[in-house]
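What follows is one structure encoded as structure tokens, with my remarks underneath.
All of these numbers come straight from a predicted model, not from anything done at the bench. For the single chain, residues carry numbers from 1 onward in sequence order. Whatever order the structure lists ligands and atoms in, that order sets their numbers, starting from 1.
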Amino acid sequence: MEDLRHRWNRTRELIEAACRRSGRDPRDVRVVAVTKYVDADAIREVLDVGLTDIGESRVQEAVPKWKALDGRGTWHFIGHLQRNKVKDVVTRFTYIHSLDRYPLAEEINRRARQVDRIMRCFIQVNVSGEQSKFGLPPSEVVEFAREVAELPYIRIEGLMTMAPRSDNSEEIRPIFRRLREIRDEIRRLGDPKLQVPHLSMGMSQDYTVAVEEGATWLRLGSVLVGGSR
Ligand SMILES: *Cc1c(COP(=O)(O)O)cnc(C)c1O
């Protein structure tokens, strides 16, 4: 617990420093604590140090943890989502960071309607173009956002991306910058139905760069809770 508190304080300092470098307000940068590496007891500690947002990437592993915690916290689904798992997600999670295809959007909308909840979704964008990554190509984002905006039980929260694995922040920076530019291009269209205000980007390896490039949600796992798989 002390170790976790120390890690969180240190992380927060680095986020604040990145905000100062880039003239941003630290209150505009929020953190999802990614707990996919750890068990429910460790998630309880995460919540006890004051983090409120929990990120999980696999439904089968997340559901037992959610039950053990009685749904405490605000849950973010950050992994690739299959349609047959959507019903388990909409009843427990507030956010989905990985909306990347229309049939998935339709299923989220359908299941969310059944439980009368509005799901907050990020459109996942494959900015880097890596074959291994999920997400829409940048050129398809606007059209996709228009279609999803018609679904009443989905609220588009913003855009999400993952940078390539790299130690070189100057390889990563253009990826984050491009996501921000896509958001700004959509904003300039001036369509009130097309709002993608938030940027979910930045993980343990690259979150300070993401803050400098405008991230409003960081997804932080190993830097907070340790471990990797
Ligand atoms: C695992 C994961 C993270 C957190 O990764 P860390 O490098 O441990 O911070 C963030 N986003 C997604 C989509 C993930 O799968």
* Nearest option to atom 2 (C) of ligand 1, as decided by whichever heavy atom of Met203, Met201, Lys36 sits closest -> Lys36
* Of all the heavy atoms in Met162, does at least one lie under 4.0 Å from an atom in ligand 1? -> yes
* To do: Could you tell me whether some N/O pair between Gln205 and ligand 1 is separated by less than 3.5 angstrom?
  => no
* **Atom indices of ligand 1, in the order listed, that fall short of 4.0 Å to a heavy atom of Leu220** => 9 (O)
* Look at the aromatic rings of Tyr95 and His76 and report parallel, tilted or perpendicular, splitting at 30° and 60°. => parallel
* Pair Glu212 + Arg21: basic N to acidic O under 4.0 Å -> yes
* To do: Assess Tyr207 for proximity to ligand 1: is some non-hydrogen atom of it under 4.0 Å away?
  => no
* Structure fact -> Arg219 heavy atoms within 4.0 Å reach ligand 1 at atoms 4 (C), 9 (O), 10 (C), 11 (N), 12 (C), 13 (C)
* To do: Kindly state each residue pair satisfying ring-ring contact (aromatic ring centres under 6.0 Å, His included) with at least one member in residues 125-174, sequence neighbours excluded.
  => His80-Phe134
* Any ion pair linking Asp184 and Arg188 (charged N to carboxylate O, less than 4.0 Å)? -> no
* Structure fact -> In short, side chain to side chain donor-acceptor pair (under 3.5 Å) pairs touching residues 202-211 with sequence neighbours left out are Ser204-Ser222
* Asked: Given side chains that start at C-beta, do those of Val31 and Leu224 come closer than 4.5 Å, heavy atoms only?
  -> yes
* Heavy-atom contacts with Ser204 under 4.0 Å: which atoms of ligand 1 show up? List them by number with element. => 6 (P), 7 (O), 8 (O), 9 (O)
* At a 4.0 Å cut-off, with the gap strictly under it, does some heavy atom of Val223 reach an atom of ligand 1? -> no
